[in-house]
Visitor: 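The structure's right below; bear with me while I get my questions together.
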2 protein chains.
Amino acid sequence: MGASKTDYFTEQQNQMATIAKALGHPARIAIIEHLLKVNACICSDIVDELPLAQPTVSQHLKELKNAGLIKGNIEGNSICYCIDEKTFQLLNGYFSNIVNTVTSQKCC
Amino acid sequence: MGASKTDYFTEQQNQMATIAKALGHPARIAIIEHLLKVNACICSDIVDELPLAQPTVSQHLKELKNAGLIKGNIEGNSICYCIDEKTFQLLNGYFSNIVNTVTSQKCC
DNA sequence: TTTTAATATCGCAATATTACGATATTGATT
DNA sequence: AATCAATATCGTAATATTGCGATATTAAAA
């Protein structure tokens, strides 16, 4: 088949997987890092920053937006993108919890 | 095409994408969370925990292992899996850095 | 109002992922 | 040695992702 059996997992697990999946491509990591670097909203230069065609970048931005990782505000005829803080806080909390749990156990 | 243009991105970006991608499936999130819950190495009950056939689980475990998210130690005729702490520390550092950077900026 | 610039959507080809039955492997048990 | 239990690998079908040319959309500029 190939259809992932989303129903069998908790909503939280599916949500975390969706977010992680959205970050699971180097172009999308590069977009996030670029947004961080310029440290503000940017309005169009993402296409110039990446070695990808405009429709491809647009698609990646859409996926990041759907996963809640970035926000996009319409600003005239261009769109202003920036990082959506709360999703990254969710990620940060998730992984810091894992690290805290794991370090207190002995393993292989 | 469809081939991701790995060469155009930094090694770090590719590494982060690989790790995130490995977490981008609810079954693999569920595996990680189960390993956390039992708080130790486990030797075979992952298949029983998931609504997936044994070959499928084996494949997911392989991907988690390739991404450095879990370790597997051979223990007789079974294999003992546990969380690979340092990769989660990497993730934790990455996202806490993002959160720290982002909160100090004003945005959309 | 025509043009231009920025972005999105469509359609499609190439590739990757997901799932699992069948089968192989490997070490323990009998 | 034969059997069993745990896990891995192979092969393959179904589906999803990736990338981009062509085209649409939309708002500003001329």
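The chains referred to below are lettered A, B, ... by the order of the sequence lines, with proteins before strands, and numbering in each begins at 1.
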Visitor: Please tell me if the side chains of B/Lys71 and B/Lys65 come closer than 4.5 Å, counting only heavy atoms from C-beta onward.
Guide: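 Not in contact.
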Visitor: Please report the distance, rounded to the nearest Å, between CD in B/Glu49 and P in D/dA6.
Guide: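 Spelled out: CD on B/Glu49 to P on D/dA6 is 15 Å.
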Visitor: On the nucleotide D/dT17, are OP1 or OP2 found under 4.0 Å from the side-chain N or O atoms that A/His60 carries?
Guide: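 So the side chain of A/His60 is outside the cut-off, no N or O lying under 4.0 Å from OP1 or OP2 of D/dT17.
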Visitor: In whole angstroms, how far is the C1' atom of C/dG21 from the CG atom of B/Leu52?
Guide: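 After rounding, the gap between these two atoms is 15 Å.
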Visitor: Residues two or more places apart in sequence or in another chain: which of them pass side chain to side chain contact (heavy atoms under 4.5 Å, CB included) with A/Ala30?
Guide: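 A/Leu50, B/Phe9, B/Gln13.
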Visitor: Which atom pairs, one a donor and one an acceptor, fall under 3.5 Å between side chains of residues 87-94 of chain B and the rest of the protein, sequence neighbours left out?
Guide:
residue, atom, partner, partner atom, Å
B/Thr87, OG1, B/Gly68, O, 2.6
B/Gln89, NE2, B/Glu85, OE2, 3.0
B/Asn92, OD1, A/Ser96, N, 3.3
B/Tyr94, OH, A/Glu33, OE2, 2.6

Visitor: Taking the side chain of A/Lys21 as heavy atoms from C-beta outward, which of D/dG21, C/dT18, D/dT17 is closest to it?
Guide: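 From the listed options, D/dT17 comes nearest.
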Visitor: Round to the nearest Å and state the distance from A/Asn77 atom CG to D/dA28 atom C1'.
Guide: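 Distance, rounded to whole Å: 5 Å.
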Visitor: Find the distance B/Ile74:CD1 to C/dT25:C1' and express it as a whole number of Å.
Guide: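 Taking CD1 of B/Ile74 and C1' of C/dT25, I get 12 Å after rounding.
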Visitor: Within this structure, what is the CG-to-C1' distance between A/Leu64 and C/dT7, rounded to whole angstrom?
Guide: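 Value for this atom pair: 16 Å.
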Visitor: Taking only N/O atoms, report every protein-nucleotides 8-12 of chain D pair under 3.5 Å with atom names and distance.
Guide:
residue, atom, partner, partner atom, Å
D/dA8, OP1, B/Tyr81, OH, 2.8
D/dA8, OP2, B/Ser58, OG, 2.8
D/dA8, N7, B/Gln54, NE2, 2.7
D/dA8, N6, B/Gln54, OE1, 2.9

Visitor: When the distance from CG of A/Asn73 to C1' of C/dA6 is rounded to whole Å, what number comes out?
Guide: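 About 16 Å, once rounded to whole Å.
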Visitor: Would you call A/Asp84 and A/Lys86 a side-chain contact if the rule is heavy atoms closer than 4.5 Å?
Guide: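 In short, these two side chains touch, coming nearer than 4.5 Å.
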Visitor: Could you tell me how far apart B/Leu23 (CG) and C/dT18 (P) are, to the nearest whole angstrom?
Guide: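 After rounding, the reported distance stands at 12 Å.
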Visitor: For a side-chain contact (heavy atoms from CB on, under 4.5 Å) with A/Ile46, tell me which candidate from A/Ile31, A/Ile79, A/Val38 qualifies.
Guide: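 Exactly one candidate clears the test, A/Ile31.
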Visitor: Rounded off to whole Å, could you give me the CG-to-P distance for the B/Asp45 and D/dT7 pair?
Guide: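 Rounded to whole Å, this separation is 9 Å.
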Visitor: For A/Ala53 and for A/Gly76, locate the closest nucleotide of DNA chain D by heavy-atom distance; then report the residue assigned to the nucleotide nearer the 5' terminus.
Guide: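 Per heavy-atom nearest nucleotide, the more 5' residue is A/Ala53.
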Visitor: If you take all heavy atoms of A/Ala22 and A/Leu69, which pair is closest and at what distance?
Guide: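 Minimum heavy-atom separation between A/Ala22 and A/Leu69: CB-CD1, 3.7 Å.
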Visitor: Is the shortest side-chain heavy-atom distance between A/Arg28 and A/Glu63 below 4.5 Å?
Guide: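 When only atoms from C-beta onward are counted, A/Glu63 and A/Arg28 do touch, with a gap below 4.5 Å.
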